Amino acid sequence: MIRNKEAKTVIIIGAGVGGIATAARLGREGYRVTVLEKCEKPGGRCGQLLIEGHRFDTGATLFVIPELYAETFSALGERMEDQLDLRRIDPTYHLNFQDNSKLLLTSNRSEMQAQLETMEPGSYERMLHYLAEGRRQYTLSLEKVVNRDFRSLAEFINPGMLATFLRLKALTRHTSYASRFFRTPKLHIAFTFQDMYMGLSPYESPATYSFLQYTELSDGLYYPLGGMYRVVEALTSIAQKNGVHFFYNTPVTKILTDGGLATGIELFDGRVLKADVIVANADLGYVYSRLLPEDGEAGRINRKEYGCSTVMFYWGLDKQYPALGVHNLFFSGDYRKGFVEIFRETSMPEEPNFYIHAPARMDPSAAPAGCDTLYAAVPVGHISSRKFQDWPAIQARARTVILGRLAQVGLADLEKHIKFEASFTPPDWQERYNLSRGSAHGLSHKLTQMGYFRPQRAHLRYKNLYFVGASTHPGTGVPTVLVSARLTARRIIDDTGK
Ligand SMILES: Cc1cc2nc3c(=O)[nH]c(=O)nc-3n(C[C@H](O)[C@H](O)[C@H](O)COP(=O)(O)OP(=O)(O)OC[C@H]3O[C@@H](n4cnc5c(N)ncnc54)[C@H](O)[C@@H]3O)c2cc1C
């Protein structure tokens, strides 16, 4: 990479997926890029824990929409196949219902047909129709919403876009849409639960998100050998190859401003660094309330709706549990009530659903021989300023619920085989990564916080300050954040006249 003396300097605050991918893109274009990260290594919510030979992805575990990853690698002059050893996971999920019946979601059509027809005659044909509709939603959302940088309200709200919203079924709730295809409550669950990945309740999310079920079952759900963290490692090393400098254990405490410009940043130790362009990858609400001068904007962002959070357990076990698939969901209690408890009451449901990830099923290198590595996630409400939330008690109850439920499906001895445990609650997410309200997914993806209505990619007053990451358009999830990085890098290149 050849740089001249006039090359613009860029400081990126945060080495999450969004910060790293923006850095790699700008580095490749000849910008002099420095990334400052508060933690000891890159990744943010796509993080990794290594304990006694056990390897855990701490946040993201599901590799979906491979085309968006491939686009990033290709824009950086690399091939995804050379960077990641991807293995398709099928069945995608082992779903365990309250009555201990199971459904294995699979792309194998005859296996899927046999299971669905037993649960609800005729439902297989209807699923094919549901997925075909999902494919339309997917193509349309990517083209008309996700891949676009809305620079004015008129680009988002116009007769053409209104027609698009109707075709995207943006005004239809996902659960009521799914009930047009399936009568059995278990199938409603099977074809809507993925909305939780966007931090949303399927009772409130638009039917557009049926594209998630399409993409998982048709384009595939993958696992990069080495874990999701391989994505972070690959992008970081490409960024370094493009001349980007990374500094860890280096929290930024302030964005310095002068009139209509951001002039630099101040570090935890008082050092000041100047740059032509500042990019904030740290969570948006935090940036407005803690790093920028107070001008009323922080209050506006904080009044917005946030997605849910999670209580996490990372268990190193001295025994293997082959009965668990790579991705397992356990459903309990009233599906609708559970979402009300999470999203309206910001609490943990009385009978929570949860997710277990067992990476060693796909990749033996995730655990020492004869051992297992398990990740358990219980969706819960985010931190609320309006009520007292007793997180240690919630965490203890989550643990009891998971172990009790696993005992019901024959894994009664699991607790006594736990060698060590790590755990995150919403306050841990907040403290470790500066996530507003400890929300795992940032600003909610409800309709009024999408597209142009999500906070702007460039700060309205400080003309050289940009944002990238889950709380910006298009939203949360690693592939989506990669799009955010593409749009932010493009905007910077356009604005700085390269
Ligand atoms: C439990 C969980 C499960 C998930 N599962 C999936 C999944 O299966 N698949 C998927 O695609 N996505 C998943 N996601 C979502 C995905 O991980 C995130 O959307 C994505 O990683 C967010 O990246 P980001 O760059 O926006 O932000 P972040 O990851 O939040 O990165 C921001 C970085 O900024 C740093 N920072 C903050 N403040 C400062 C400061 N003052 N100075 C310096 N640095 C600072 C933080 O430490 C962090 O490293 C999951 C998320 C969670 C939490």
Side-chain angles (χ1 to χ4, degrees), residues 11-23 34-47 56-66 68-69 194 196-199 212 215-216 221-223 227-229 231-232 235 246-255 265-268 279-287 290-292 307-314 326-327 355 357 375-380 382 424-426 428-436 438-443 445 467-472 474-485 488:
I11 286 178
I12 299 188
I13 305 167
V17 170
I20 302 165
T22 309
T34 302
V35 180
L36 307 169
E37 165 58 49
K38 84 183 266 286
C39 295
E40 67 290 355
K41 60 181 184 181
R45 280 172 269 183
C46 189
F56 302 87
D57 283 313
T58 50
T61 57
L62 301 152
F63 188 105
V64 288
I65 323 187
L68 295 180
Y69 291 85
Q194 294 87 341
M196 287 296 283
Y197 308 160
M198 309 299 290
L212 288 168
T215 184
E216 287 180 352
L221 175 58
Y222 292 86
Y223 181 85
M228 277 298 278
Y229 198 68
V231 175
V232 169
L235 289 174
F246 286 84
F247 294 91
Y248 302 112
N249 298 309
T250 309
V252 169
T253 48
K254 207 186 270 180
I255 295 173
I265 56 90
E266 189 174 302
L267 289 175
F268 66 110
V279 181
N281 173 223
D283 197 34
L284 203 90
Y286 159 84
V287 172
R290 301 292 294 279
L291 300 186
L292 281 169
C308 64
S309 191
T310 50
V311 170
M312 310 290 304
F313 297 95
Y314 308 99
V326 183
H327 303 298
Y355 161 73
H357 176 46
Y375 154 133
V378 185
V380 297
H382 58 63
F424 285 7
T425 61
D428 298 311
W429 286 116
Q430 181 176 50
E431 198 193 312
R432 183 160 176 75
Y433 301 119
N434 288 333
L435 300 179
S436 303
S439 164
H441 303 286
L443 284 181
H445 289 79
F467 301 99
V468 65
S471 286
T472 68
T476 189
V478 174
T480 327
V481 168
L482 291 176
V483 175
S484 171
T488 296

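Remember, it's 1-based here, ligands and their atoms both numbered in the order they're listed. In this text, all values refer to a predicted model and were calculated from it rather than measured experimentally.
- Here D57 contributes atom CG and F63 contributes atom CZ; the two are 12.0 Å apart, rounded to the nearest 0.5 Å.
- Here is the list of ligand 1 atoms found below 4.0 Å of a heavy atom in G469: 26 (O).
- The protein heavy-atom contact nearest to atom 9 (N) of ligand 1 is L62 O, 3.1 Å.
- Summary of contacts: the protein heavy atom closest to atom 44 (N) of ligand 1 is K38 N, 3.1 Å.
- No donor-acceptor pair under 3.5 Å is formed between the side chain of Q194 and the backbone N or O of L212.
- Interatomic distance, CD1 of I12 versus CZ of F247, reported as 13.0 Å (0.5 Å rounding).
- Within the 4.0 Å heavy-atom cutoff, Y286 counts among the residues contacting ligand 1.
- Considering backbone and side-chain N/O atoms, A440 never comes within less than 3.5 Å of an N/O atom of ligand 1.
- Formation of a donor-acceptor pair under 3.5 Å by the Y229 side chain with backbone atoms of G43 is not found in this model.
- On a distance-only criterion, T250 and ligand 1 share no N/O pair closer than 3.5 Å.
- Atom NZ in K254 sits 11.5 Å away from atom CG in L292 (nearest 0.5 Å).
- Protein heavy atom at the shortest distance from atom 42 (N) of ligand 1 is V252 N, 3.0 Å.
- Of all the atoms in ligand 1, the ones that sit under 4.0 Å from a non-hydrogen atom of G14 are 33 (C), 34 (O), 35 (C), 44 (N).
- At least one heavy atom of Y375 sits closer than 4.0 Å to an atom of ligand 1.
- Each of the following atoms of ligand 1 lies closer than 4.0 Å to a heavy atom of L435: 30 (O).
- Residue nearest to atom 14 (N) of ligand 1, selected from G43, A60, P251, G44: A60 (by heavy-atom distance).
- Here is the list of ligand 1 atoms found below 4.0 Å of a heavy atom in C46: 21 (O).
- Distances below 4.0 Å separate heavy atoms of C39 from the following atoms of ligand 1: 47 (O).
- Every N/O-N/O distance between A15 and ligand 1 stays at or above 3.5 Å.
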Practice item. Walk me through it: do L482 and V17 pass the test side-chain contact (heavy atoms from CB on, under 4.5 Å)? Key: CA-CA 7 Å; L482 291 176; V17 170; 3.5 Å; yes
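- For ligand 1, the polar-atom distance check finds no N/O of G19 at less than 3.5 Å from any of the ligand's N/O atoms.
- Polar contact with ligand 1: absent for Y433 (N/O pair, distance under 3.5 Å).
- What sits closest to atom 49 (O) of ligand 1 on the protein, heavy atoms only, is E37 OE1, 2.7 Å.
- Looking from atom 26 (O) of ligand 1 to the surrounding protein, the closest heavy atom is A470 N, 2.8 Å.
- For the ring pair (Phe, Tyr, Trp, His ring centres under 6.0 Å) with F424, the qualifying choice from Y433, F313, W429 is W429, the only one to do so.
- Looking at K38, its side chain does come within 3.5 Å of a backbone N or O of R432 through a donor-acceptor pair.
- Counting protein heavy atoms only, atom 28 (P) of ligand 1 is closest to R45 NE, 3.6 Å.
- Not a single donor-acceptor pair under 3.5 Å links the side chain of T476 to the backbone N or O of A470.
- When hydrogens are left out, the protein atom nearest atom 24 (P) of ligand 1 is N281 ND2, 3.7 Å; that is the closest non-hydrogen contact.
- With respect to atom 11 (O) of ligand 1, the closest heavy atom belonging to the protein is V478 N, 2.8 Å.
- In this structure, W429 counts as a contact residue of ligand 1, since one of its heavy atoms falls inside 4.0 Å of the ligand.
- The main-chain N or O of A440 is found under 3.5 Å from a side-chain atom of R45 such that the two form a donor-acceptor pair.
- In this structure, NE2 on H445 lies 8.0 Å from OG on S471, to the nearest 0.5 angstrom.
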Exercise for review: Assess whether side-chain contact (heavy atoms from CB on, under 4.5 Å) is satisfied between H327 and T61, documenting all intermediate values.
Suggested key: CA-CA 9 Å; H327 303 298; T61 57; 4.2 Å; yes
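- Each of the following atoms of ligand 1 lies closer than 4.0 Å to a heavy atom of T61: 7 (C), 8 (O).
- When each of I255, N281, N434 is tested with V287 by the rule side-chain contact (heavy atoms from CB on, under 4.5 Å), just one qualifies, namely I255.
- By the 3.5 Å distance cut-off applied to N or O atoms, N434 is counted among the residues near ligand 1.
- Side chain of T488 to main chain of S484: a donor-acceptor pair is present (N/O by atom type, distance under 3.5 Å, no hydrogens or angles).
- Close contacts between ligand 1 and L36 involve ligand atoms 43 (C), 44 (N) [criterion: under 4.0 Å to a heavy atom].
- Formation of a donor-acceptor pair under 3.5 Å by the Y197 side chain with backbone atoms of H441 is not found in this model.
- Residue T310 places a heavy atom less than 4.0 Å from ligand 1.
- With hydrogens and angles disregarded, a donor-acceptor distance shorter than 3.5 Å links the side chain of H357 to the backbone of V326.
- Close contacts between ligand 1 and P479 involve ligand atoms 11 (O) [criterion: under 4.0 Å to a heavy atom].
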